[in-house]
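To keep things clear, I will list the structure first and then write my remarks on it.
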Amino acid sequence: MRFIIGTGPTELHALIDLENRLDAHRDTTAAPTVTVLDVACHHGNWSAITNVRHDLPGEGRQ
């Protein structure tokens, strides 16, 4: 399990930054399950927090 945070001046920029960070951490051997936990604004700065779970081959599958 991994948490990744994206930031930006708007909610859209925070989500774009989050997607760029996910792309940088993407593992080609695992199928990630991504869940956005929260999007928040504090003093005009936006952040988006996600939980990334990398399912290993065979894990959770029958």
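FYI, the numbering just counts along the sequence from 1. Quick caveat: nothing in here was measured; it's all calculated off a predicted structure.
- Atom OG1 of T50 sits about 6.0 Å away from atom CG of L37, to the nearest 0.5 Å.
- In terms of heavy atoms, P9 sits closest to W46 at O-CD1, 3.3 Å.
- Linking Ile, Leu, Val, Met, Phe, Trp and Tyr residues whenever their side-chain heavy atoms come within less than 4.5 Å places V34 and I4 in a single cluster.
- The cluster map of Ile, Leu, Val, Met, Phe, Trp and Tyr, joined by side-chain heavy atoms under 4.5 Å apart, puts L12 and V39 in different clusters.
- The hydrophobic cluster containing I16 does not contain I5, counting ILVMFWY residues as joined when their side-chain heavy atoms lie under 4.5 angstrom apart, directly or transitively.
- The CD atom of E11 sits 10.0 Å away from the OG atom of S47 when rounded to the nearest 0.5 Å.
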Checking T7 against N45 for the side chain to side chain contact (heavy atoms under 4.5 Å, CB included) test, could you report, in this order, the C-alpha distance in whole Å, the side-chain angles of both residues, the deciding distance, and whether it holds? CA-CA 7 Å; T7 60; N45 296 308; over 6 Å; no
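- Scanning both residues, G6 and D17, for their nearest heavy atoms gives CA-OD2, 3.3 Å.
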